[in-house]
Amino acid sequence: MEKVDDKKLLRVIQFAPIIIIFVATLVIVGVMIRENRIAAQQSLDSLKNEYIEQQKEQIQNQVDHIVQKLEYEKARTEVELKRQIKARVYEAHAVAEGIYQHNPNLPKDELTNLIASALRNVRFNNGHGYFFMYQMDGKSMLLPPLSHMENSNRWDNQDNRGAYFVRELASVVADKGEGYHRWWFYKPQDINTEYEKIGFVKYFEPLNSFIGTGEYVVDFEEDSKAEILRWLSEIRYGASGYVFVVDKNGVILAHQDKYAIGEDRYNFRDVNGNYFIRDILNAAKEGGKGGGFVHYSSVFHPTSVTSTEKISYVRWFDDWDWAIGTGVYLSETDSLLKRKEALLMTQDEKELMNVLILSACVLIVIGGGALVLSRYVAEKFRNFQEKINRNFYELLSTKNQMQHMALYDSLTDLPNRIQFNQVVRRAIKDADVTGLSVAVILVDLDNFKKINDLYGHSAGDKLLGVVSRKLEVLLDKSEAISRFGGDEFIFCFPNLIRDSDVQEKIHRIQKVFDEPMIIDGRKVKTSCSIGVASYPRDAMTAEELISNTDIALYRAKNRQKGSVLFFDSTIAQQVEYEFVLEEQLRGALSRNEISVLYQPQMNSQTAKIVSVEALCRWNNNCLGAISPVEFIAVAEELDLIHDIGVFVFRQACTDILSFSPNGPDAVKLSVNISPVQLKLPHFSDEIREIIRDVGIDICRITLEITENVLVEDLEAVSPILQELKDFGFGISLDDFGTGFSSLSYLNNLPINEIKIDRSFIDKILLSEQSRSLVKAIIAISESCDMHVVAEGVETEKQFNWLVEHHCDYVQGYYFDKPLSVHVLKERYGEPA
Ligand code: C2E
Ligand code: MG
Ligand code: MG
């Protein structure tokens with residue numbers, strides 16, 4: 001499950017960056033495309049607006065330009081008119097002058113008639129131009145269209161604006177001789193309407209008159225206007241641009257469509273039902289010189305028969321009551337914009353394409369980079385993971401090793417106690433079901449310590465390994481072995497039916513030790529002691545079973561090395577007793593339970609007391625009186641011997657001094673010294689101090705050392721004894737004969753006395769061998785200047801024999817048992 005998750009994580013590390021970059025690029029590109037589209041639409045809209053504004057500005061300029069042109073044309077028309085009428089008047093004046101020159105003396109009336117006749121029929125300006133002639137006082141001399149008014153004085157005539165135009169003409173002439181003047185006058189063919197006229201008059205001196213002509217401005221302009229309208233109708237620009245002129249009545253005056261010219265469109269409606277001509281007129285009039293825009297549906301598209309949307313700019317030309325305009329067809333704008341849009345789109349697409357290519361390149365570069373990086377990271381991750389796995393496996397194997405160490409013995413690789421206990425527990429459970437028994441056998445190698453000392457600890461370890469392998473192979477599946485500690489191996493044999501089954505197992509184990517073990521190419525022979533306990537006979541639990549097996553082994557070893565001991569209830573009782581004994585012994589001194597008795601030693605020749613042996617006693621509330629043979633050994637084991645020994649020594653010295661003061665005949669004192677005490681570094685200092693304290697002579701004190709101890713540890717003990725002897729103590733070899741029993745080394749020992757063990761004295765009357773030994777001891781001690789004490793003299797016969805064979809001193813029940821100091825004093829108060 002973990003591995004799958006790791007793989008997923010690896011995949012995520014590898015591909016997530018590239019996917020993120022890809023998606024991010026897509027999003028960015030998408031946003032860019034969208035922004036691009038919006039910007040394109042906005043620029044298109046603004047382009048459209050700009051274009052329309054531009055078009056509107058253009059058509060406005062166009063119209064403004066035309067209006068300027070019209071104003072110019074109008075102005076130019078007047079100049080031309082003035083030039084023409086002046087030229088005409090000059091011609092007429094020249095004619096009149098010519099007539100006068102030819103007839104200088106002709107009466108004025110005739111001359112007037114002559115000149116009038118000459119000029120009367122002259123017509124110009126499309127036939128409506130004529131000459132008039134007035135006398136300076138206002139009398140009409142020539143007025144062709146209104147000849148009935150000739151010879152009448154027109155001095156007071158007013159035009160319909162109230163001006164005395166004849167007077168004003170005369171005034172111009174009177175002032176400058178000639179000149180232009182404007183006035184209003186009806187037309188001959190239309191006497192109801194007055195039209196503005198512009199005229200030129202020139203003084204004709206012979207008749208004190210002036211000749212002039214006038215032209216209706218309107219007539220002259222009509223020509224010019226027609227000319228201009230033709231020109232306007234011809235104007236084209238752009239695809240369908242043209243100029244139109246509509247008069248105030250809605251009649252079309254100029255247009256690209258020649259059929260439309262002259263049409264009254266005042267009541268004409270466009271497709272939307274609007275009177276668009278009226279709109280045009282209104283916009284033009286309302287806009288005044290500023291003009292105005294009109295939006296309408298036009299039917300006059302040069303190339304389209306259907307009506308199209310149009311915006312026109314129109315301006316009112318006040319002088320001629322014209323609405324002049326030009327416009328743009330929105331359809332053209334649209335199509336242009338569409339082209340622009342298409343162009344923009346193409347550009348956009350190109351730009352977009354560039355962006356996409358750039359994005360793709362960026363994507364490839366960054367994506368590639370990310371892929372490389374993510375692969376690198378994934379690789380690192382994989383390495384890291386492998387490292388973790390390695391560490392994990394190392395940890396696991398360490399854990400397994402530790403578990404193994406927790407359950408197996410490191411030296412022999414046999415299951416350890418913990419595991420063994422479990423095996424025994426299981427076996428007991430099974431036994432409860434099967435009804436069979438479980439035997440636990442504890443095997444201890446005899447003399448293992450010696451092997452260690454002889455060949456070294458590594459050889460000892462190897463021996464344990466070899467023994468383990470040999471013992472291991474004895475087992476079948478259900479059986480178990482464990483190293484119990486040190487040189488002990490413990491077996492669990494379940495499913496046993498008979499006692500003989502256990503015997504057979506023991507036999508097989510013992511057989512392993514028949515042959516010597518090969519250690520470092522050396523043959524090492526060893527034996528074993530065995531303790532056995534069985535379930536359910538000897539114990540109820542695994543712990544108890546193992547513990548009882550241990551007890552059995554301990555007892556077996558105590559009894560004899562190489563022996564086999566089956567646990568039984570007496571052993572248990574013994575162990576329990578020892579336990580209590582130990583417990584009680586610890587507090588014995590403090591409870592004053594230890595006391596000292598004194599057994600006299602008699603001079604065999606005089607049968608008088610020469611010395612006493614201090615023998616300690618322990619009287620306990622629970623256990624009663626316990627023999628020193630028993631508790632001294634326990635005290636040695638528990639390290640209590642020194643305290644007890646010191647107590648006994650001080651007590652004995654005190655008691656004996658009180659019993660027998662120092663002096664040449666003073667009764668001597670023998671005190672038993674444990675070898676443990678003897679080896680303590682300050683032992684001699686301590687006892688010498690006690691002697692000083694008590695004040696007893698040192699020469700009265702003999703220290704009894706058992707022969708066994710001396711022989712076992714001769715090298716260590718000998719110098720100590722020598723030192724003590726040198727201080728003045730007597731040294732006695734106690735229980736002689738029970739140890740090495742070699743008489744040869746007695747010479748070299750720092751001793752003054754030999755105490756023959758009771759067991760020999762017992763037998764001197766029965767055994768020749770004992771008698772020989774006692775005799776030999778007495779002989780040697782004589783030769784070594786030592787005296788001999790016989791212990792355990794119980795009978796007279798024994799005593800007599802010893803006397804007969806010159807044993808120096810005797811001690812035993814024959815004389816006295818160990819006595820308290822009071823009894824001693826009572827009995828031996830007056831020492832001999
Ligand atoms: P041991 O030093 O050989 O003492 C002689 C033992 O023989 C004493 O036993 C004594 O009561 C006993 N005995 C003496 N005469 C006879 C006899 O005629 N017949 C029999 N059956 N026994 C006789 P006890 O007092 O039980 O002492 C036993 C041993 O305990 C002593 O043997 C000595 O080795 C040790 N011991 C006693 N007191 C002390 C002590 O204060 N310190 C040390 N280190 N050992 C002591
Ligand atoms: Mg003794
Ligand atoms: Mg003795």
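Note that ligands are numbered from 1 as they come in the structure, with each ligand's atoms numbered from 1 the same way.
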Exercise. Does R617 come within less than 4.0 angstrom of ligand 1, counting non-hydrogen atoms of the residue?
Worked result: yes
Under 3.5 Å between any N/O of [X] and any N/O of ligand 1: does that happen in this structure?
X    : answer
Q677 : no
K755 : no
E794 : yes
C616 : yes
R758 : yes
T706 : no
Q811 : no

For this session: Examine the proximity of ligand 1 to D734 and report which part, side chain or backbone, both or neither, has a heavy atom under 4.0 Å away.
Result: side chain
Seminar exercise, completed: Counting heavy atoms under 4.0 Å, the part of K817 that contacts ligand 1 is neither
Exercise. Just which atoms of ligand 1 are under 4.0 Å from any heavy atom in V793?
Worked result: 18 (O)
Exercise. Near E791, which atoms of ligand 1 are under 4.0 Å from a heavy atom of that residue?
Worked result: 1 (P), 2 (O), 3 (O), 4 (O), 5 (C)
For this session: May I ask you to check whether F799 and F815 place their ring centers less than 6.0 Å from one another?
Result: yes
Is it true that [X] and [Y] make a salt bridge, defined as a side-chain N closer than 4.0 Å to a carboxylate O?
X    : Y    : result
R688 : D685 : yes
R498 : D501 : yes
D446 : K561 : no

Problem set entry | Under 2.8 Å from the Mg ion (ligand 2), the protein N, O or S atoms, given as residue and atom | E613 OE2, N672 OD1, E704 OE1, D734 OD2
Member of [options] meeting the side-chain contact (heavy atoms from CB on, under 4.5 Å) criterion with [X]:
X    : options                : value
T526 : I519, I451, V512, N447 : I451
D808 : I754, V788, I778       : V788
Q584 : L623, N621, V634, I626 : L623

Problem set entry | Option set L615, D762, I594, V629, criterion heavy-atom distance to atom 28 (C) of ligand 1, minimum | V629
Exercise. Would S732 and D734 count as having a side-chain donor-acceptor pair, cut-off 3.5 Å?
Worked result: no
Seminar exercise, completed: Residue pairs meeting salt bridge (charged side-chain N to carboxylate O under 4.0 Å, His left out), one or both in residues 759-773, sequence neighbours left out, come to E768-R771
Problem set entry | salt bridge (charged side-chain N to carboxylate O under 4.0 Å, His left out): pairs with one or both residues in residues 772-790, sequence neighbours excluded | none
Exercise. So, for atom 44 (N) of ligand 1, does the protein have a heavy atom nearer than 4.0 Å?
Worked result: yes
For this session: Can you confirm whether something in the protein, heavy atoms only, sits under 4.0 Å from atom 41 (O) of ligand 1?
Result: yes
Exercise. How close does the nearest protein non-hydrogen atom get to atom 27 (O) of ligand 1, and which residue and atom is it?
Worked result: P628 CG, 3.5 Å
For this session: Quick one: do K470 and E515 satisfy salt bridge (Lys or Arg N to Asp or Glu O under 4.0 Å)? Show the steps, please.
Result: CA-CA 11 Å; K470 290 196 171 192; E515 295 295 315; over 6 Å; no
For this session: Applying ring pair (Phe, Tyr, Trp, His ring centres under 6.0 Å), name anything that partners F729, two or more places apart in sequence or on another chain.
Result: none
Problem set entry | Atom of I720, atom of K679 and distance for their closest heavy-atom approach | CD1-CA, 4.2 Å
